[in-house]
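We number each residue from 1, following the sequence as shown.
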Amino acid sequence: MRFSEPIGRRGFLRLGAAGLSLTAGLAARAASVPRGPGFGRAKSCVVFFAWGGMSHLDTFDLKPGAPIDIRGEFQEIPTTVPGIRIGEHLPRLARQAHRMAIVRSVTHGATGHRPAAYWALTGHAPPTPNENWEATRRDWPSLGAQVAKAFNGRVPAPFPGTIHLPYGMADGGRSNGQDAGFLGLGFDPVVFRPSSGAPYDGKSPEAGTIELGARADAGRWTSRRALLSRLEAAAPATPAGRETETVERWREKSFDLLLDAKAAGAFDLEGEPKRLRESYGDHVCGQSALLARKLTEAGVPLVTVLAAAGDLNGSIGAHWDTHGDNFRRLKSQMLPPLDQASAALLDDLAERGRLDETLVVWLTEFGRTPRISAAAGRDHYPTCYSVAFAGGGIQGGRIYGRSDASGAEPVENPCGPADLQATIFHALGIDPAFEVHDIEGRPLQICDGRPLPLF
């Protein structure tokens with residue numbers, strides 16, 4: 001299925017300039033709420049997103065006492081925290097449990113990938129929980145765009161406020177909730193792919209992305225900019241012949257990013273020690289995680305790492321939509337890269353003294369059904385699933401919430417996407433009562449959840 005470009009007709013997006021902006025000023029002022037422990041401890045955030053729906057029953061919330069058609073093939077393993085056990089194919093994260101808070105009681109009501117991802121990535125309920133709709137500028141903005149708006153004026157030039165790695169998301173069309181929605185083009189995440197690392201098997205949308213290595217040819221980009229200027233000077237001054245002033249401005253900022261020495265250093269993976277690069281893994285998930293560390297270090301407030309192929313493509317490819325062959329796909333395709341990349345990121349941040357100021361989050365759109373299907377798979381299941389947090393003031397070595405004996409329902413401390421959003425905002429020092437304006441100019445509170453007591 002075809003992945004349409006996020007901002008059609010605008011040729012500069014093919015150079016990767018999807019939404020570079022550093023516009024000044026805040027749209028509204030937040031109402032005051034109690035700050036509490038951990039408020040504002042984090043300066044930046046890295047979100048791993050398991051696109052397709054990660055099985056909680058095979059990762060963070062195994063049920064070894066359940067019947068075989070529920071517990072499945074995987075075993076529990078101990079972690080660095082007595083009493084906390086996770087799936088056997090997350091051995092590196094098991095050694096990070098003392099840094100992690102695992103939430104086992106997330107729930108919502110959207111059964112489709114795109115509506116559920118919209119809820120998970122914006123913190124707001126989709127207009128149609130079980131049906132797709134075309135992504136538009138009336139949608140709520142992504143978490144990254146929301147954080148970029150709240151941090152507006154505090155992001156060092158020439159960086160954008162949020163970056164998405166290594167490509168976009170699609171399922172029967174472009175997935176909702178991954179751009180800036182009603183906040184506008186100026187807050188859209190920029191989508192980049194790292195210059196190294198084996199890609200996931202399957203289809204990944206390329207619209208609006210580029211591969212940016214450390215050795216961008218400044219002369220080539222300068223020549224391209226000059227050529228575009230000459231072409232535009234010869235074009236008629238009509239909407240059909242010229243881009244809008246806003247789009248031209250963002251394109252100029254994209255060139256500034258590509259030519260800036262500081263930005264080149266932030267994107268330079270080859271400048272990192274070989275042993276460190278190898279610790280993250282020679283795959284696109286690992287190299288994206290390393291790039292996320294460098295970008296947040298350079299001042300980008302939130303970077304999203306898509307830990308899957310970008311197009312679910314009828315459940316074909318290396319992603320978490322495991323309707324069939326769940327256990328082989330998880331243990332051979334999905335869990336090893338995520339386990340290696342995210343554990344390496346935690347170690348790297350800790351060694352640099354940055355873990356306490358960098359929030360790391362593991363999100364997904366929903367879990368998978370407790371009962372295993374005839375195809376040895378698990379189906380969509382939003383009623384109960386797991387996520388995790390580390391760094392950024394989070395108190396590690398703990399479990400929040402509890403599911404029942406089959407992982408079917410939360411039985412203790414149920415929470416939803418809005419509460420996860422509020423937790424991220426709390427760590428970053430963003431008041432959940434912060435106001436933004438929709439496409440009609442109406443003021444909206446950016447978040448209606450409550451931070452989880454993980455700090």
Side-chain angles (χ1 to χ4, degrees), residues 1-11 13-19 47-54 110-122 126-145 162-181 185 188-194 197 199-211 283-285 288 303-324 329 333-334 337-338 363-366 368 379-380 382:
M1 50 203 70
R2 187 174 182 272
F3 181 86
S4 59
E5 292 193 24
I7 313 292
R9 303 192 314 274
R10 293 160 185 163
L13 286 178
R14 298 186 182 94
L15 304 177
V47 175
F48 288 97
F49 193 74
W51 174 225
M54 184 172 67
T111 58
H113 288 290
R114 284 167 54 183
Y118 178 86
W119 212 336
L121 290 171
T122 71
T128 56
N130 303 317
E131 297 179 5
N132 293 343
W133 74 98
E134 183 181 358
T136 74
R137 287 297 177 191
R138 295 184 178 275
D139 289 344
W140 269 92
S142 67
L143 287 172
T162 184
I163 289 177
H164 192 117
L165 306 169
Y167 21 63
M169 299 160 49
D171 180 38
R174 181 165 63 94
S175 184
N176 311 74
Q178 59 182 323
D179 60 25
L185 171 66
D188 275 352
V190 183
V191 185
F192 284 125
R193 187 172 65 253
Y200 283 103
D201 293 335
K203 296 169 65 176
S204 292
E206 298 300 327
T209 71
I210 65 168
E211 182 173 338
H283 40 72
V284 73
C285 184
S288 293
V303 178
T304 301
V305 175
L306 185 67
D311 193 331
L312 299 187
N313 189 30
S315 296
I316 298 171
H319 48 65
W320 303 86
D321 193 25
T322 53
H323 290 285
R329 289 173 65 183
Q333 291 182 309
M334 305 315 304
L338 178 63
L363 294 180
T364 188
E365 69 261 38
F366 44 51
R368 312 300 295 188
D379 299 323
H380 303 180

Between [atom1] on residue [X] and [atom2] on residue [Y], distance to nearest 0.5 Å:
{"X": "Met169", "Y": "Leu121", "atom1": "CE", "atom2": "CG", "value": "5.5 Å"}
{"X": "Leu143", "Y": "Thr304", "atom1": "CG", "atom2": "OG1", "value": "7.5 Å"}
{"X": "Ser315", "Y": "Asp171", "atom1": "OG", "atom2": "CG", "value": "8.0 Å"}
{"X": "Leu306", "Y": "Leu165", "atom1": "CG", "atom2": "CG", "value": "9.5 Å"}
{"X": "Tyr167", "Y": "Ser288", "atom1": "OH", "atom2": "OG", "value": "7.5 Å"}
{"X": "Met334", "Y": "Cys285", "atom1": "CE", "atom2": "SG", "value": "8.0 Å"}

Distance-only, no hydrogens or angles: does the [X] side chain make a donor-acceptor pair with backbone N or O of [Y] under 3.5 Å?
{"X": "Asn176", "Y": "Trp133", "value": "yes"}
{"X": "Tyr118", "Y": "Trp140", "value": "yes"}
{"X": "Trp320", "Y": "Ala307", "value": "yes"}
{"X": "Glu365", "Y": "Gly52", "value": "yes"}
{"X": "Thr364", "Y": "Ala50", "value": "yes"}
{"X": "Asp188", "Y": "Ala180", "value": "yes"}

Side-chain contact, heavy-atom cut-off 4.5 Å: [X] with [Y]?
{"X": "Met54", "Y": "Leu338", "value": "yes"}
{"X": "Pro189", "Y": "Ser142", "value": "yes"}
{"X": "Asn130", "Y": "Pro115", "value": "no"}

**Prompt:** When you look at His380 and His323, which way does the side-chain contact (heavy atoms from CB on, under 4.5 Å) test go after all the steps?
**Reply:** CA-CA 8 Å; His380 303 180; His323 290 285; 3.0 Å; yes
**Asked** Thinking salt bridges, do Asp321 and Arg329 make one under a 4.0 Å N-O criterion?
**Response**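 Here Asp321 does not pair with Arg329 in a salt bridge, since their nearest N and O are not under 4.0 Å apart.
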At their closest point, which heavy atom of [X] faces which heavy atom of [Y], and how far apart are they?
{"X": "Tyr200", "Y": "Pro337", "answer": "OH-CB, 4.1 Å"}
{"X": "Ala170", "Y": "Pro205", "answer": "CB-CG, 3.8 Å"}
{"X": "Asp311", "Y": "Trp51", "answer": "N-NE1, 4.5 Å"}

**Item:** Derivation of the side-chain contact (heavy atoms from CB on, under 4.5 Å) call for Asn132 and His113
**Value:** CA-CA 8 Å; Asn132 293 343; His113 288 290; over 6 Å; no
**Prompt:** Arg137 and Leu185: side-chain contact (heavy atoms from CB on, under 4.5 Å), yes or no, with the steps?
**Reply:** CA-CA 9 Å; Arg137 287 297 177 191; Leu185 171 66; 4.1 Å; yes
**Prompt:** Does the pair Asp179 and Arg174 meet the rule for a side-chain contact (heavy atoms from CB on, under 4.5 Å), with working shown?
**Reply:** CA-CA 10 Å; Asp179 60 25; Arg174 181 165 63 94; 2.7 Å; yes
